Visitor: 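Attaching a single structure in structure tokens format; questions to follow.
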Amino acid sequence: MVEKKNIENEMPDKDEAIKIFEPVLSPEFDVFRNKIQALIKNAPQLLHIEGGSAETRTSFAHYYAALFFCQTPQACFQDMEKEFAYGELIKPCFHCAECYKVAAHMHPDLILFDTREAHIDIDSMRELKKLANEPPRYAKKRLVLFLETQKLSNVSSNAILKVLEEPNPHNQYVFTMSQREMILPTLLSRGFVLTLPWKDSIQELSEVEKEWEKILVKFFQSGSGLMDKTGTKGTIDVEIAKVICNVLQKNFAHAMAGRKEYVLASMFSNISFVNLFEANERVVTCYDMLNLMVNPTYCIEALLTELFVYFKKAGLK
């Protein structure tokens with residue numbers, strides 16, 4: 001669970017606070033903001049946000065939270081067609097104290113789990129389950145955000161499922177993920193899915209990610225080239241190890257969706273959905289090991305060697 005900041009001593013200024021909402025405010029997301037604003041009137045217990053980039057998914061999750069807690073929401077009538085389709089749309093003001101607290105992770109009834117920052121373990125889920133049985137502290141509802149749930153292990157996913165299986169009308173949840181196929185079907189089936197516009201994964205890759213993508217292609221094709229890179233002391237630190245995991249997960253998602261225009265994803269295209277899902281579980285385990293401060297070189301060598309053998313048995317050519 002992401003630690004809350006001290007509300008009295010660390011209140012951010014307005015400009016700093018609303019930066020997290022900026023990606024959502026782009027004109028290209030007008031339709032999706034309208035959908036979120038319409039959805040809030042009869043909010044589901046669980047909302048899944050997939051697609052886009054990690055930044056836009058995170059921004060939409062916080063925008064949704066601001067809609068929950070804003071003290072002075074604004075009515076939004078953009079045109080008669082939208083008014084007829086959605087009725088009176090409500091958007092957050094971004095000026096009140098509640099919007100500030102959401103943006104800065106300081107709201108007492110907003111609980112945030114970010115798999116990019118911390119491992120989500122069983123103890124955290126026990127704490128959440130206990131909290132979920134209590135009424136919200138100040139607001140009418142409590143909102144729990146799980147960011148980038150494609151990085152959850154099966155153990156953590158099942159622990160979250162147990163929390164959802166005991167619904168409380170005061171609690172609602174948002175999951176963000178790169179692609180719906182990357183999470184347990186039992187979790188997916190409990191929520192409403194909002195799909196953001198897909199981005200070109202190649203454009204999203206940094207230069208470091210592109211370099212490692214080439215190394216991974218060569219390694220999975222021939223079993224060579226990896227040790228040349230990992231054998232140099234200091235080459236693989238925790239951040240680089242997570243970059244490699246991220247490249248793998250992006251290409252697993254593309255392969256699951258049938259996108260063969262990406263070289264690494266096209267290599268995985270003949271691997272079954274079940275096998276790709278299990279391969280992603282191995283990547284999730286690697287993330288957990290890295291968060292537990294296991295040697296990153298060992299983590300990556302063990303992961304890629306295991307995946308190489310696994311994919312060859314699964315029919316990788």
Side-chain angles (χ1 to χ4, degrees), residues 1-2 4 17-76 78 82 86-116 128 132 136 138-150 160 163-164 167-180 183 187-188 190-197:
M1 188 184 303
V2 176
K4 292 189 183 298
I18 66 173
K19 281 183 180 179
I20 198 164
F21 302 118
E22 287 179 357
V24 176
L25 303 180
S26 167
E28 69 177 302
F29 292 120
D30 283 351
V31 171
F32 298 93
R33 286 198 309 278
N34 289 340
K35 287 182 178 179
I36 286 281
Q37 289 158 192
L39 191 64
I40 204 73
K41 293 182 177 181
N42 188 23
Q45 182 200 19
L46 171 59
L47 171 66
H48 298 294
I49 301 176
E50 68 164 354
S53 64
E55 180 187 37
T56 55
R57 292 190 292 270
T58 298
S59 185
F60 261 100
H62 284 80
Y63 186 86
Y64 189 70
L67 282 169
F68 258 75
F69 300 119
C70 181
Q71 291 176 327
T72 55
Q74 302 169 339
C76 175
Q78 294 190 1
K82 288 178 183 175
Y86 297 107
E88 184 178 0
L89 301 181
I90 302 299
K91 60 183 181 181
C93 71
F94 304 134
H95 293 281
C96 70
E98 302 302 289
C99 285
Y100 286 179
K101 292 172 190 175
V102 166
H105 305 152
M106 292 157 47
H107 198 288
D109 290 316
L110 176 65
I111 310 301
L112 176 66
F113 294 89
D114 191 340
T115 63
R116 297 167 298 179
L128 177 60
Y138 298 102
K140 294 180 180 179
K141 298 270 189 179
R142 176 186 294 110
L143 188 64
V144 184
L145 306 186
F146 284 92
L147 302 183
E148 301 308 285
T149 53
Q150 72 271 12
I160 296 171
V163 176
L164 293 174
N168 183 312
H170 297 302
N171 302 318
Q172 290 176 277
Y173 302 82
V174 176
F175 289 3
T176 72
M177 67 207 71
S178 57
Q179 183 172 313
R180 69 183 74 186
I183 69 168
L187 277 178
L188 181 66
R190 289 185 167 271
F192 176 90
V193 181
L194 175 71
T195 303
L196 302 176

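In this text the structure is predicted, and so the values were computed from the model without any measurement. If you read the sequence from its start, that first residue is 1, and numbering goes on from there.
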Visitor: Measure from the side-chain N and O atoms of Arg33 to the backbone N and O of Pro27, and report whether any donor-acceptor pair falls under 3.5 Å.
Guide: no
Visitor: Can you confirm whether or not the ring centre of Phe94 sits under 6.0 Å from the ring centre of Tyr100?
Guide: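 Phe94 vs Tyr100: aromatic centres not under 6.0 Å.
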Visitor: Between His62 and His105, is the ring centroid distance below 6.0 Å?
Guide: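 That pair passes the under 6.0 Å test.
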Visitor: For the residue pair Arg57 and Gln150, what are the closest heavy atoms and their distance?
Guide: NH2-NE2, 4.3 Å
Visitor: Under a 4.0 Å N-O cut-off, is there an ion pair linking Arg180 with Glu50?
Guide: yes
Visitor: Is the backbone N or O of Gln172 less than 3.5 Å from a side-chain atom of Arg142, with the two atoms forming a donor-acceptor pair by type?
Guide: no
Visitor: Do Lys101 and Glu98 meet the salt-bridge criterion of a basic N to acidic O distance under 4.0 Å?
Guide: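 Between Lys101 and Glu98 there is a salt bridge, with a charged N closer than 4.0 Å to a carboxylate O.
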Visitor: What's the shortest heavy-atom distance between Phe146 and Val144, and which atoms?
Guide: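 In this case the closest contact between Phe146 and Val144 is CE1-CG1, 3.6 Å.
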Visitor: Within the side chain of Asp109, is there an N or O that forms a donor-acceptor pair under 3.5 Å with the backbone of Pro136?
Guide: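 Checked: no pair found.
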Visitor: Measure centre to centre between the rings of Tyr64 and Phe68, then say whether the value is under 6.0 Å.
Guide: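 Between Phe68 and Tyr64, which both carry aromatic rings, the centre distance is below 6.0 Å.
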Visitor: Short question: side chain of Ser53, backbone of Thr56 - any donor-acceptor pair under 3.5 Å?
Guide: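 Looks like yes, one N/O pair under 3.5 Å.
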Visitor: Which atoms form the tightest heavy-atom contact between Lys141 and Phe69, and what is the distance?
Guide: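 Shortest heavy-atom separation between Lys141 and Phe69 comes out as O-CE2, 3.4 Å.
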Visitor: Below 4.5 Å, heavy atoms only, C-beta onward: do Val163 and Tyr173 meet side chain to side chain?
Guide: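 Yes, at least one pair of side-chain atoms sits under 4.5 Å.
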Visitor: At what distance, to the nearest 0.5 angstrom, does CD1 of Ile111 lie from CG of Leu128?
Guide: 7.5 Å
Visitor: Using side-chain heavy atoms (C-beta onward) and a distance below 4.5 Å, is Leu67 in contact with Tyr63?
Guide: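 They are in contact (side-chain heavy atoms under 4.5 Å apart), so the answer is yes.
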Visitor: So which heavy atom on Gln45 is nearest to which on Leu164, and how close?
Guide: NE2-O, 3.6 Å
Visitor: How many angstroms lie between atom OG1 of Thr58 and atom CG of Asp114, to the nearest 0.5 angstrom?
Guide: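 Those atoms lie 6.5 Å apart.
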Visitor: Would you confirm whether Thr149, through its side chain, and Thr176, through its main-chain N or O, come within 3.5 Å as a donor-acceptor pair?
Guide: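 Flag set: sc Thr149 to bb Thr176 pair under 3.5 Å.
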Visitor: Specify the closest pair of heavy atoms between His107 and Ala139, including all atoms of both residues, with the distance to one decimal.
Guide: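 Smallest interatomic distance, heavy atoms only, reads CE1-CB, 4.5 Å.
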Visitor: Please lay out, stage by stage, how Leu194 and Phe32 fare under the test side-chain contact (heavy atoms from CB on, under 4.5 Å).
Guide: CA-CA 8 Å; Leu194 175 71; Phe32 298 93; 4.1 Å; yes
Visitor: Looking at side-chain heavy atoms only, is the closest gap between Leu187 and Phe175 below 4.5 Å?
Guide: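 Leu187 reaches Phe175 side chain to side chain.
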Visitor: State whether the side chain of Thr115 and the backbone N or O of Glu148 hold a donor-acceptor pair below 3.5 Å, judged by distance alone.
Guide: yes
Visitor: For Val24 and Ser59, which heavy atoms make the closest approach, and how far apart are they?
Guide: CG2-OG, 2.7 Å
